[in-house]
Amino acid sequence: MKAIQRIHHSSAMHWVGNGFPVRSVFDYNGLGRELSPFLLLDYAAPHPFPPGKEKRGVGAHPHKGFETVTVAYQGELEHRDSSGGGGKIGPGDVQWMTAGKGIVHEEFHSQDFTRNGGNLQMVQLWVNLRAKDKSAPPRYQTLLQKDIPTVPFADDAGSLRIIAGQYGVQPGAAQTYSPINLWDISLHAHKTITLPLPEGHTSAFLVLKGLVTVNDEGDARDGELVIFKRDGDSITIHAQSNTQLLLMDGEPLNEPIVGHGPFVMNTRAEIDQAFEEFEKGHMGSLEDE
Ligand code: MN
């Protein structure tokens with residue numbers, strides 16, 4: 001069994017642009033080494049937006065050296081990037097963007113969602129790339145709900161959606177550069193599941209809704225991140241109430257992490273170089289609307 005390393009609380013809510021009221025669950029300056037290959041997790045808990053006319057979100061900005069994974073639970077988002085990638089994601093959909101050698105993108109609520117208003121709930125997870133993959137070409141994977149395999153648990157305990165990696169023999173939807181499992185898990189109240197997880201991997205889950213007891217060791221509720229020890233090969237989760245979790249698991253990269261704002265590289269010199277590339281326009285730009 002993978003014992004609990006600790007249960008980590010999120011920061012207070014802050015706004016990213018005018019569209020994303022997020023709690024910073026962790027970032028590369030705090031837990032980046034402990035949670036490798038995961039660098040950052042922002043959680044926008046359900047938040048009501050009134051109908052509006054003004055665009056809501058974050059305008060053009062760069063990234064380099066990692067991937068951003070956006071999981072939509074409520075509301076609708078539209079992304080565009082300088083590689084020509086882009087698309088719309090709604091409830092149950094995921095966007096997996098490889099910034100790789102450098103990209104410029106924007107992240108906004110969709111026009112329809114802005115016009116009609118409604119609840120927004122989403123997660124953005126940053127996944128690091130190995131040094132050799134940081135120069136990969138930008139890539140954009142839109143993973144629609146219908147394309148993400150769902151596996152039911154025994155005893156009507158709930159279900160697991162395989163965004164990336166695999167569960168049992170079933171592979172997930174995303175292509176990844178290093179071994180990663182990303183599972184969207186729903187559990188019914190008073191049910192218990194045991195999840196197999198690879199020995200030696202970083203493993204953690206965020207509680208989005210509900211209250212769970214983990215390994216009979218401790219309880220966690222919404223907004224809390226349960227971080228496990230790398231030793232061991234399974235965890236047990238008992239749902240005290242109807243529960244939703246996002247479980248991330250991956251092989252630690254064991255490489256230096258040097259990050260500054262939207263860039264995460266291996267050395268300070270590479271960060272300076274990234275700023276220079278961006279300023280010179282080498283990461284491209286978005287076409288005018
Ligand atoms: Mn971004």
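As the structure lists them, so they are numbered: ligands from 1, and atoms in each ligand from 1. Side chains included, hydrogens not; waters and symmetry mates left out as well; all remaining heavy atoms used. Being a predicted model, the structure only gives us computed values, none of them experimental.
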Run the ring-centre check on [X] versus [Y] and record whether the distance is less than 6.0 Å.
| X | Y | answer |
| --- | --- | --- |
| H260 | F275 | yes |
| H188 | H190 | no |
| H109 | F49 | yes |

(Q) Here's a test for you: under ring-ring contact (aromatic ring centres under 6.0 Å, His included), which of W126, F263, F38 qualifies with F66? (A)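 Exactly one pass, corresponding to W126.
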
task: Would you list the protein N, O or S atoms within less than 2.8 Å of the Mn ion (ligand 1), leaving out water?
output: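 Near the Mn ion (ligand 1), below 2.8 Å, one finds H61 NE2, H63 NE2, H105 NE2, E107 OE2.
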
Pairs under 3.5 angstrom only: tabulate donor-acceptor contacts from the side chains of residues 171-179 to other protein residues two or more places apart or in another chain.
unit_1	atom_1	unit_2	atom_2	d
T176	OG1	S178	O	2.8

Under the side-chain contact (heavy atoms from CB on, under 4.5 Å) test against L208, which residue among D222, V71, L246 passes?
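That would be L246.
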
